[in-house]
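See below for the structure under consideration.
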Amino acid sequence: MSASWTGGLEPDIDYMLAERPDDPEMRESASIWLYEDNGAFAFPRIGIEAKGDSWDSHGFQFNFVDRAGRAIVDGGAGTTHSPIGSDGKASILGTGGLVFECLEPFHKWRVRYDGQGADTTPEALIAQSVDRDRRAPLRLDVELTMALPGWTQDLRPERLVGMTEAERIDAGLMGYGWRVEQAFRAEGELTLDGQTRVFRGSGNRIHRQSVRPLGAFRGHCWQAALFPDGRAFALCVYPPREDGTTHNGAYVYVDGQMYPAVARGVPFLTRLTPRGEDVSFELDYALGTARIEGVSDFNVFHLGVPEMPGFALHQGGARYTWEGQSAHGMIERSNWADQLVG
């Protein structure tokens, strides 16, 4: 496996931690953002957060939204699964009814969920009026095949040498450790309301092992999509500091080549909109400027997240259009709740 495919990370690093880390603040996280090809439904984040100080009870999050605006959300903490898979390797990260499995590092993963979530809507999530007693069972079994190399943030200690203090703070918001993000194609089964359907989709998966101090967190905007012809993009940008500087990380993937990029016109979170918000932007890279139009959909909203006190968190999808091609992709944004309008 080439270093260009792994984003410079060691190939075996894509397996899970085999035991509780010594540092209670160290965490392992795996998550996916998955969008059905025809726009029928989406999973705007399914994730597990395994932290050293609560290793026997990993936290998890599960979001589902369909085209009609029905949302099913689940989360909390569950009993931790053994990390050792049938291959004898630490290929499993699981808690409760949710399991991530590394089938082939940086190439194939599998995600399974069998549980019950609150049956609600984006509007009720915004209004914080969700009836948590109204539940819906849902099962998901999906295999992910990575479609392009990893976009990595390698912020292990030896990589921090020479950074300014501001750069080190922003590195901490990403996480002191390593993180990889990859676009994928997917095939799976969804069972909902007693009916099972086979589907194809695309999305992004993230795997990280890091210590992540969030005391200086000031919000973010994160977007990504994979298009039918294999082109892709991703961006993660923080709001500017008082001096105008900020973290602005992005890439454009064209004709089998990944180019670093800088995002402009980033649609930071200013209001909570159930659907239809303009989330367009531009990416400057070596071959020019990619102008990408986006309209939000498949949205969920979380207020009062324990690790982000005072913040509003938007996790959703968008229909992106780039030079005549369209694809469903991800968007996640956050901002101080008292700075939102409307």
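Numbering starts at 1 and runs along the sequence shown.
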Next on the checklist: Treating Asn299 as the side-chain partner and Pro274 as the backbone partner, does any N or O pair qualify as donor plus acceptor under 3.5 Å?
Outcome noted: yes
Next on the checklist: Has Asn63 got a side-chain atom pairing as donor or acceptor with Pro44's backbone, closer than 3.5 angstrom?
Outcome noted: yes
Next on the checklist: Would you say the rings of Phe281 and Phe233 are close, in the sense that their centroids are separated by under 6.0 Å?
Outcome noted: yes
Checklist entry - Should Phe43 and Tyr113 be marked as a side chain to side chain contact (heavy atoms under 4.5 Å, CB included) after you check the CA-CA gap, both sets of side-chain angles, and the distance that decides it? => result CA-CA 12 Å; Phe43 299 88; Tyr113 170 82; over 6 Å; no
Checklist entry - Trp222 ring centre to Arg45 NZ or CZ under 6.0 Å, with the angle to the axis within 45°? => result no
Next on the checklist: Between Arg291 and Glu282 (salt bridge meaning N to carboxylate O under 4.0 Å), is one present in this structure?
Outcome noted: yes
Next on the checklist: Please identify which of these residues, Phe100, Trp109, Phe184, Trp151, meets the ring-ring contact (aromatic ring centres under 6.0 Å, His included) condition with His207.
Outcome noted: Trp109
Item to check | Met308 versus Ser334, closest heavy-atom pair with distance | outcome: CE-CB, 3.6 Å
Next on the checklist: What I'd like to find out is whether the side chain of Thr289 reaches to under 4.5 Å of the side chain of Arg264, using heavy atoms alone.
Outcome noted: yes
Checklist entry - Without hydrogens or angle criteria, can the side chains of Glu293 and Ser280 be said to hold a donor-acceptor pair below 3.5 Å? => result no
Checklist outcome for this item: Gln325 meets the side chain to side chain contact (heavy atoms under 4.5 Å, CB included) criterion, sequence neighbours left out, with Phe227, Pro228, Asp229, Arg231
Next on the checklist: I'd like to know whether Val252 forms a side chain to side chain contact (heavy atoms under 4.5 Å, CB included) with Leu287, so could you lay out the CA-CA distance, the side-chain angles of the two residues, the decisive distance to 0.1 Å, and finally the verdict.
Outcome noted: CA-CA 10 Å; Val252 172; Leu287 302 185; over 6 Å; no
Checklist entry - Is the shortest side-chain N to carboxylate O distance from Lys51 to Glu25 below 4.0 Å? => result yes
Checklist entry - Are Phe62 and Leu192 joined in one hydrophobic group, where the rule is that I, L, V, M, F, W and Y side chains link up if heavy atoms are under 4.5 Å apart? => result yes
Checklist entry - Which atom names give the shortest non-hydrogen contact between Thr191 and Thr196, and what distance separates them? => result OG1-OG1, 2.7 Å
Checklist entry - With sequence neighbours left out, which residue pairs that include part of residues 147-157 fulfil the salt bridge (Lys or Arg N to Asp or Glu O under 4.0 Å) condition? => result Glu10-Arg156, Asp154-Arg156, Asp154-Arg159
Item to check | Pair Glu36, His328: side-chain N/O donor-acceptor within cut-off below 3.5 Å | outcome: no
Checklist entry - Could Arg112 and Glu101 be called an ion pair, given the rule that one side-chain N must be under 4.0 Å from one carboxylate O? => result yes
Checklist outcome for this item: Applied to residues 116-127, the salt bridge (Lys or Arg N to Asp or Glu O under 4.0 Å) test, sequence neighbours excluded, yields Arg70-Asp119, Glu123-Arg275
Next on the checklist: Check for me whether the distance between the ring centres of Phe106 and Trp5 falls short of 6.0 Å.
Outcome noted: no
